[in-house]
Amino acid sequence: MNPDTLAAIDFHVHVEQDAHGHLALDGELMDASAAYFKAGTNRTPTVEDLAAYYRERSIAAVIFTVDATRGLGHPALSSEAIADAAREHADVLIPFGSVDPHDPDAAERARRLVTDHGVRGFKFHPSLQAFEPDDQRYYPLYETIQDLGVPALFHTGQTGIGAGLPGGRGIKLRYSNPILLDDVAADFPGLTIVLAHPSVPWQDEAISIATHKANVYIDLSGWSPKYFPPQLVRAAGSILKHKVLFGSDFPVLTPDRWLSDFNALDTIKPEARDLILKQNATRVLGL
């Protein structure tokens with residue numbers, strides 16, 4: 001991959017279907033998510049679909065699934081298979097792995113995903129995976145990821161998964177409060193942590209952590225930029241211009257729409273735009 005030839009790096013892209021037709025979510029959750037986001041594109045792209053889509057746009061994509069086998073009671077897509085398939089599209093795809101934090105073999109599996117399959121980071125979704133990220137029982141997993149020298153991307157804020165269903169299908173939002181990651185960032189200063197999404201309703205917490213901790217970043221996925229909280233826009237264009245990353249959350253939000261709405265934010269200066277769209281991600285990923 002040559003970053004100089006890329007228009008941008010999308011830090012947040014979901015693989016929703018494997019080569020055998022298995023889906024990342026069960027039917028009820030997939031339907032609720034599609035209704036929440038009003039997604040009008042292919043809601044269940046494969047690795048090959050994503051490679052073609054992003055190559056056409058000269059954009060690189062960080063791709064992943066979420067292993068929430070215990071939290072959702074639904075078998076996860078294989079991170080090993082995703083990474084192996086992405087190897088055929090290394091010009092545009094950057095694979096992240098996902099491990100279930102409840103799995104006693106999670107740390108060792110994370111190590112194998114990096115050493116044997118070439119994943120470049122890890123994705124966690126505390127609400128879907130049903131875990132409190134500051135619980136020290138998960139510290140051996142973080143220590144392993146820190147030792148491997150790759151970033152950890154954590155969903156923060158509300159989620160469209162389960163939205164509108166009775167009890168939100170049991171999915172608990174409080175697990176995705178970014179303040180729960182402040183302890184992790186403090187206790188693992190060598191671990192690069194990316195807080196995914198505008199962290200509504202905890203946006204100020206996310207900004208504070210990213211401002212205070214050199215190893216914490218924010219990706220801007222899951223929301224059209226025209227709906228970003230104003231304090232996030234101010235921070236992205238000033239004090240956090242080196243700490244925020246372009247992310248779409250495709251397939252629920254297209255990079256085309258995100259980039260169009262981002263270009264309409266006249267408060268973001270050209271220097272900050274270049275950092276957000278590509279340069280910050282290039283540094284975080286070590287490209």
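- Cluster annotation: Phe96 is not connected to Ile145 through the hydrophobic network of ILVMFWY side chains, with a link wherever side-chain heavy atoms come within less than 4.5 Å.
- Hydrophobic clustering of Ile, Leu, Val, Met, Phe, Trp and Tyr side chains at less than 4.5 Å, counting indirect connections, unites Trp223 with Val244.
- Sorted by first and then second residue, the salt bridge (Lys or Arg N to Asp or Glu O under 4.0 Å) pairs involving residues 194-215 (not counting sequence neighbours) are Asp182-Lys213.
- Put simply, Val15 and Val66 are part of two different groups of oily side chains (I, L, V, M, F, W, Y) that touch within less than 4.5 Å, one to the next.
- For Glu132, the salt bridge (charged side-chain N to carboxylate O under 4.0 Å, His left out) partners are Arg174, not counting sequence neighbours.
- Residues meeting the side chain to side chain contact (heavy atoms under 4.5 Å, CB included) test with Lys226, sequence neighbours left out: Ser224, Arg257, Asp261.
- With sequence neighbours excluded, the residues forming a ring-ring contact (aromatic ring centres under 6.0 Å, His included) with Phe64 are His12, His14, listed by chain and number.
- For Arg55, the salt bridge (charged side-chain N to carboxylate O under 4.0 Å, His left out) criterion is met by Asp91, not counting sequence neighbours.
- Phe154 has its side chain within reach of Pro126: a pair of non-hydrogen atoms, C-beta onward, lies under 4.5 Å apart.
- Qualifying ring-ring contact (aromatic ring centres under 6.0 Å, His included) partners for Phe246, counting only residues two or more places apart in sequence or in other chains: Trp258.
- When the ring-ring contact (aromatic ring centres under 6.0 Å, His included) test is applied to His155, the partners found at least two apart in sequence or on another chain are His125, His197.
- Arg57 places a side-chain N or O within 3.5 Å of a backbone atom of Tyr53 that can act as its donor or acceptor partner.
- Residues forming a side chain to side chain contact (heavy atoms under 4.5 Å, CB included) with Gln279 (at least two apart in sequence, or on another chain): Asp274, Leu275.
- A search for side chain to side chain contact (heavy atoms under 4.5 Å, CB included) contacts involving Pro75 returns nothing, not counting sequence neighbours.
- With sequence neighbours excluded, the residues that form a ring-ring contact (aromatic ring centres under 6.0 Å, His included) with Phe131 are Tyr138.
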Cut-off 3.5 Å, no hydrogens considered: what does the side-chain donor-acceptor table look like for residues 99-107, sequence neighbours left out?
residue, atom, partner, partner atom, Å
Asp100, OD1, His102, N, 3.0
Asp100, OD2, Arg70, N, 3.1
His102, NE2, Gln129, O, 2.9
His102, NE2, Ala130, O, 3.0
Asp103, OD1, Asp105, N, 2.9
Asp105, OD2, Arg112, NH2, 3.3

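- When the side chain to side chain contact (heavy atoms under 4.5 Å, CB included) test is applied to Glu88, no partner is found at least two apart in sequence or on another chain.
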